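A short worksheet on the structure shown next.
No hydrogens, no waters, no symmetry mates; every other heavy atom, side chains included, goes into these values. Letters A, B, ... are given to chains in the order of the sequence lines, protein chains preceding strands, and every chain is numbered from 1. Because the structure is predicted, anything quoted here is derived from the model rather than measured.
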Amino acid sequence: MSEKENTLATKYDPKEVEDKWYQYWESHDLFKSVPDEREPYCIVIPPPNVTGVLHMGHMLNNTIQDILIRRARMEGKNALWVPGTDHASIATEAKVVKRLAEQGIRKRDLTRDEFLKHAWDWTHEHGGIILQQLRKLGASCDWSRTAFTMDETRSKSVLKVFVDLYDKGYIYRGLRMVNWDPKAQTALSNEEVIYKEEKSHLFYLKYYVDGLEALENEEQLRAEGNIIHKDEKGYYAVVATTRPETIMGDTAMCINPKDPKNQWLKGRKVIVPLVGRVINVIEDRYVEIEFGTGCLKVTPAHDPNDYVLGKTHNLETIDIFNADATISEQSPLYVGMDRMECRKVIVEDLKAAGLIEKIEDYENKVGYSERNSDTAVEPRLCMQWFLKMKHFAEIALPCVKNDELKFHPAKYKNIYNVWLEGIQDWCISRQLWWGHRIPAYFLPTDSEDKEVYVVALNEEEALEKARKIPGYENIEASQLRHDEDALDTWFSSWLWPISLFDGINNPGNEEIKYYYPTNDLVTAPDIIFFWVDKLGRKMSKSLGNSPDPLKLIEQFGADGVRMGLMLAAPAGNDILYDDSLCEQGRNFNNKIWNAFRLVKGWEVADVEQPEASRQAVLWFRNQLNDALATVKDHFSKFRLSDAMMVLYRLFWEEFSAWYLEAVKPAYGQPMDRATMQATLEYFDMLLRLLHPFMPFITEELWQHLDERKDGESIMYALIPEPQQADQELLKAMADVKEIVAGVRNVRKQKNLPNKEQLTLQAVGGLNNPFEAIITKLAGLEKIEAVTEKDATAAAFMVGTAEFAVPVAGSIDVEAEIKKLEADLEYTRGFLASVEKKLSNERFVANAPAAVVEGERKKKADAESKIATMEQALQTLKK
RNA sequence: GGGCAGUUAGCGCAGUUGGUUCAGAGCAUCUGCCUUACAAGCAGAGGGUCGGGGGUUCGAAUCCCUCACUGCCCACCA
């Protein structure tokens, strides 16, 4: 056996290992979960875009989920992680349209069904990619449950919920100003608009006052603070705007009634530049007096505020844009021109006509479509479907306020509250074909402005409902017109956790009862962090610009990348990508790999257990239990990076550097059975603890560690409850490390070879249960209890204990004295501060007894240390 | 414009109810080592006025005030 193991490469190669074990896990159905008597632990994957590929944000998110799921599984819970994808209607439709365009096909030339066929083809081609990538990462999802937001079950659920909410009055249809994406030609929700600071210009346009030839009492008006513009063509008002191309839609000019600058404009009419339309000057306190000139052009069709003004003041609405943001027939000028082009042209025309007073540089925020990032969103007035959010906010807020539902980290609680409290109705309709078609059916009416419709699951039900409407008793199915629009993707996403278990179509089914009701899932409410509606989406977006995760996996192995991510991302903070972190992860893999090579290389024989090994076995059992408890605590607080770091150190420092060195037989010597068994047991436990973080290498080594049956896996090896660790022993080991380090320092300073066995003098004797470990790791011949150390020995202190190594040849007395004196000075200062504290009556009276006691001990320790040092100094100076 | 976080070693961070030698771990850096598991390694070392100032307290990285800077969120100033 050892012969074979010893031929293992000195470097771990993840490539061979990872695919092999993933296939093993999948083919043995190890990710699968069905309800049983165990406690359930369920995470529902926030469905990534079907069109997407993994980026670092996904990687982090899914690594975290996989760690939690694997850990829960190893705690004996019935762990289920349901994967799925999201149909991402707007993004997918855009990509399909683009591909069709490349083939010379225009969307508008296709029927809805034809287009959908292309979309499905596209989805089938690209849809699985992201899920394949998750497999590379090691995600232990139950793939048999893979769902898609547009599969049959989910689609039925979505429509059912829509009809239900409509019937209850939470969904309505209305003419509203919405965010319009002119490229995708669809409405967007507020959440799909991203505002960007942009350098632009503020154009000051002249609006001549209609029919005003001479202003009486002009001087007096000026004296009262009016700012009156006048040129050879007459009196004019100046309006500042960033969007001069919208002047064709102006139907009023508005001033603040209290604005002293513009009093003279009250009750007058002005002429829209170039257009020539005469509009009223209206007054509204909405207008900021300080901004620009205090004169606002009002374009009710193209600005949300102007829309409100238009309603208040009964203004005409002129929609000068087509759906693709070209100028519409309603405009007197520039018909058919693109809005951006129009802006350039109109500015030139205005200049030429002398209608621009001045142009200033200006920075403002422009909304862009989240999915078509190069397309500025246009406010547009149109009929859309809305969900009344107030009702849902009222349900959702208290759960978080009273901590029924928790965020990790907690700071997101406030963000969530603010977001929900200020929430506006959600525009849920999209003018897209790819998505859940809105289950509304329009009935013929005598006027275009009038809408009569029914909302129903399907055509038959719609017909039934329609026939109950007075006047439509005899309507035929062919007269119903199914709404062309689709629902916002997020309308299906929010139902995802329920619809996965078919809880909407089939309420109360066995699976939903077992996995879903969150109050039955002790831990599930905590993980809402991963399912935080739009918040989660926003958080992961900032991680978009990172390197290709698959390349990283190729380079460092999935385990290495997973670990790099955990090291980089303390809970809740954005990750900062750095190659060196993955490198550190990879190096750790290698460390584990080599520790395994060492252990498996040992020959076992019937020899007596060395004392050092016996002591090391005892110590490490306690060390392991201590770590077990710490890791458990970190997990309970979702501090996965901290848990990882504890294990990293446990394996590297405690196990490899100390334990293995302590039990390692001399070259060519065999290993005793007891130590070997304990070592294998520890190794097994370390692998289990590490498995959630690094699933592949741990499986590989665990399988090698012992005979395993086919289908057996570390995935289901249990992580036990921590047992009480003996803190005295851990403290004793800490001393051991210091003593060994002390001897090693002496070796280094005196240039003594490691092979030379030394004697260690312990002044006053050594009281430590791990003496044999010290002897072995410090390379000692013996440890001597002495009352006084050799005058020429190299000395060091551990706590209050003094040690010395007699060395051949003399020591540098001068240097030694200097060092001791510096130490002495420091310790005296320390003592002084402690004494000062203790002599302060208020401290002694007010501080807790334990603290005072601690200070007394510090004082005693310092005094004894000083005494020792003084004596040593005297000896040296002799 | 409003709100919320944060500022601790070169870097990214931990530090729980103020008190145990509490100023920390990791990476990086420096020094010495190819010691028979591992140079992707081993053994060591250095490095911080805890953003500035003030206050409360016997005692402050920790609590309060204030200033500075950074980040995030929200908002209709054309």
A:Glu654/A:Lys737 under salt bridge (Lys or Arg N to Asp or Glu O under 4.0 Å): CA gap, chis, key distance, verdict: CA-CA 10 Å; A:Glu654 309 298 348; A:Lys737 291 174 187 171; 2.6 Å; yes
Between A:Asn262 and A:Asp259, does a side chain to side chain donor-acceptor pair (under 3.5 Å) hold up when you go through it step by step? CA-CA 6 Å; A:Asn262 293 316; A:Asp259 185 352; 2.9 Å; yes
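Listed pair A:Lys857 / B:U20 fails the phosphate criterion, with no side-chain N or O lying under 4.0 Å from OP1 or OP2. Taking only side-chain nitrogens and oxygens, A:Arg597 never comes nearer than 4.0 Å to OP1 or OP2 of B:A37. For B:G41, the OP1/OP2 oxygens have no side-chain nitrogen or oxygen of A:Trp652 closer than 4.0 Å. Phosphate proximity of B:A43 to A:Asn754: absent, as no side-chain N or O sits under 4.0 Å from OP1 or OP2. At B:A78, one or more side-chain N or O atoms of A:Tyr362 fall inside 4.0 Å of OP1 or OP2 (strictly under the cut-off). Residue A:Tyr648 places at least one side-chain N or O closer than 4.0 Å to OP1 or OP2 of B:C27. Close to B:A37, at under 4.0 Å from its OP1 or OP2, lies no side-chain N or O of A:Lys11. For A:Arg586, no side-chain nitrogen or oxygen approaches OP1 or OP2 of B:A40 to under 4.0 Å.
Residue-level contact check: A:Pro753 touches neither bases nor backbone, having no heavy atom under 4.0 Å from any strand. Contacts of A:Asn590 with the nucleic acid, taken as non-hydrogen atoms under 4.0 Å apart, include base atoms. Contact annotation for A:Thr299: no contact, since no heavy-atom pair falls under 4.0 Å across all strands. The residue A:Arg649 sits close only to the backbone: its heavy atoms come under 4.0 Å of sugar-phosphate atoms, none of a base. Within 4.0 Å of A:Tyr195, counting heavy atoms only, lies no atom of the nucleic acid at all. Nucleic acid contact class of A:Lys837 (heavy atoms, under 4.0 Å, all strands): none. Residue A:Val599 is out of contact with every strand shown, counting any heavy-atom pair closer than 4.0 Å. At the heavy-atom level, A:Ala741 lies under 4.0 Å from the strands shown only through sugar-phosphate atoms.
Atom name C1', nucleotides B:G53 and B:A14: the rounded distance is 27 Å, in whole Å. Separating the C1' atom of B:G12 from that of B:U70 is a span of 15 Å, rounded to the nearest Å. The gap from the C1' atom of B:C50 to that of B:A40 amounts to 34 Å, rounded to the nearest Å. Spacing of C1' atoms, B:A25 relative to B:C11, comes out at 14 Å, to the nearest Å. Between B:A78 and B:G18, the distance separating the two P atoms is 46 Å to the nearest Å. Using atom C1' as the reference point in both B:C73 and B:U17, the two lie 30 Å apart (nearest Å). Look at the P atom in both B:A39 and B:G46: the space between them is 27 Å, to the nearest Å. B:U49 and B:G10 have their P atoms separated by 9 Å, given to the nearest Å.
The side chain of A:Lys748 sits closest to B:G44 out of B:G44, B:A37, B:G19. Relative to the side chain of A:Met645, the nucleotides B:A25, B:C58, B:C38 differ in distance, and B:A25 lies closest. When distances run from any side-chain atom of A:Phe843 to the nucleotides B:A40, B:C58, B:A37, the shortest one goes to B:C58. Between B:A78, B:C38, B:A14, one nucleotide has an atom nearer to the side chain of A:Asn594 than all others, and that is B:C38. Across B:C76, B:G19, B:A75, the shortest atom-to-atom separation from the side chain of A:Lys365 is found for B:A75. Looking at the side chain of A:Asn745, the nearest of the listed nucleotides B:A37, B:G44, B:C58 is B:G44. Side-chain proximity of A:Arg744 to B:A14, B:G44, B:C58: nearest is B:G44.
The CD-P distance, from A:Glu363 to B:G1, rounds to 14 Å in whole Å. Rounding to whole angstrom units, CD of residue A:Glu583 and P of B:G26 are separated by 18 Å. Taking atom CH2 of residue A:Trp593 and atom C1' of nucleotide B:A40, one finds them 14 Å apart after rounding to whole Å. Atom CD in A:Gln749 sits about 13 Å away from atom C1' in B:A43, given to the nearest Å. Residue A:Asp284 contributes atom CG, which lies 13 Å from atom C1' of B:C76 at whole-angstrom precision. In this structure, A:Asn190 places its CG atom 16 Å from P of B:C73, rounding to the nearest Å. For the pair A:Lys776 NZ and B:U35 P, the computed distance is 19 Å after rounding to whole Å. Rounded to whole angstrom, the span from the NZ atom of A:Lys591 across to the P atom of B:A37 amounts to 11 Å.
The aromatic rings of A:Phe655 and A:Tyr659 sit parallel to each other, their planes meeting at less than 30°, with 60° as the upper class boundary. Under the 30°/60° scheme for interplanar angles, the aromatic rings of A:Trp593 and A:Tyr12 are found to be tilted.
Under the Watson-Crick or G-U wobble criterion, with both distances below 3.5 Å, B:U20 has no partner in any strand shown. In this entry B:C30 has B:G44 as its Watson-Crick or G-U wobble partner, both defining distances falling under 3.5 Å. Partner assigned to B:C72 is B:G3, using Watson-Crick or G-U wobble distances below 3.5 angstrom. In a base pair of the Watson-Crick type (N1 to N3 plus N6-O4 or O6-N4) or a G-U wobble (N1-O2 and O6-N3), with each distance short of 3.5 Å, B:U62 is matched with no nucleotide.
One cannot find a donor-acceptor pair under 3.5 Å joining the base of B:A43 and the side-chain atoms of A:Glu661.
When the side chain to side chain contact (heavy atoms under 4.5 Å, CB included) test is applied to A:Glu360, the partners found at least two apart in sequence or on another chain are A:Leu202, A:Tyr204, A:Lys358.
The minimum heavy-atom distance linking A:Phe843 with A:Glu855 is given by the pair CZ-CG, 3.7 Å. Of all heavy-atom pairs spanning A:Lys206 and A:Pro273, the tightest one is O-CG, 3.4 Å.
Annotation: of the two residues near RNA chain B, A:Ala657 and A:Asn587, the 5′-most nearest-nucleotide partner is A:Asn587. Heavy-atom distances to RNA chain B give each of A:Lys297 and A:Gln584 a nearest nucleotide, and the one nearer the 5′ end belongs to A:Gln584.
A side-chain N or O of A:Tyr207 and one of A:Asp250 form a donor-acceptor pair less than 3.5 Å apart.
The closest side-chain heavy-atom distance from A:Met563 to A:Asp559 is not below 4.5 Å.
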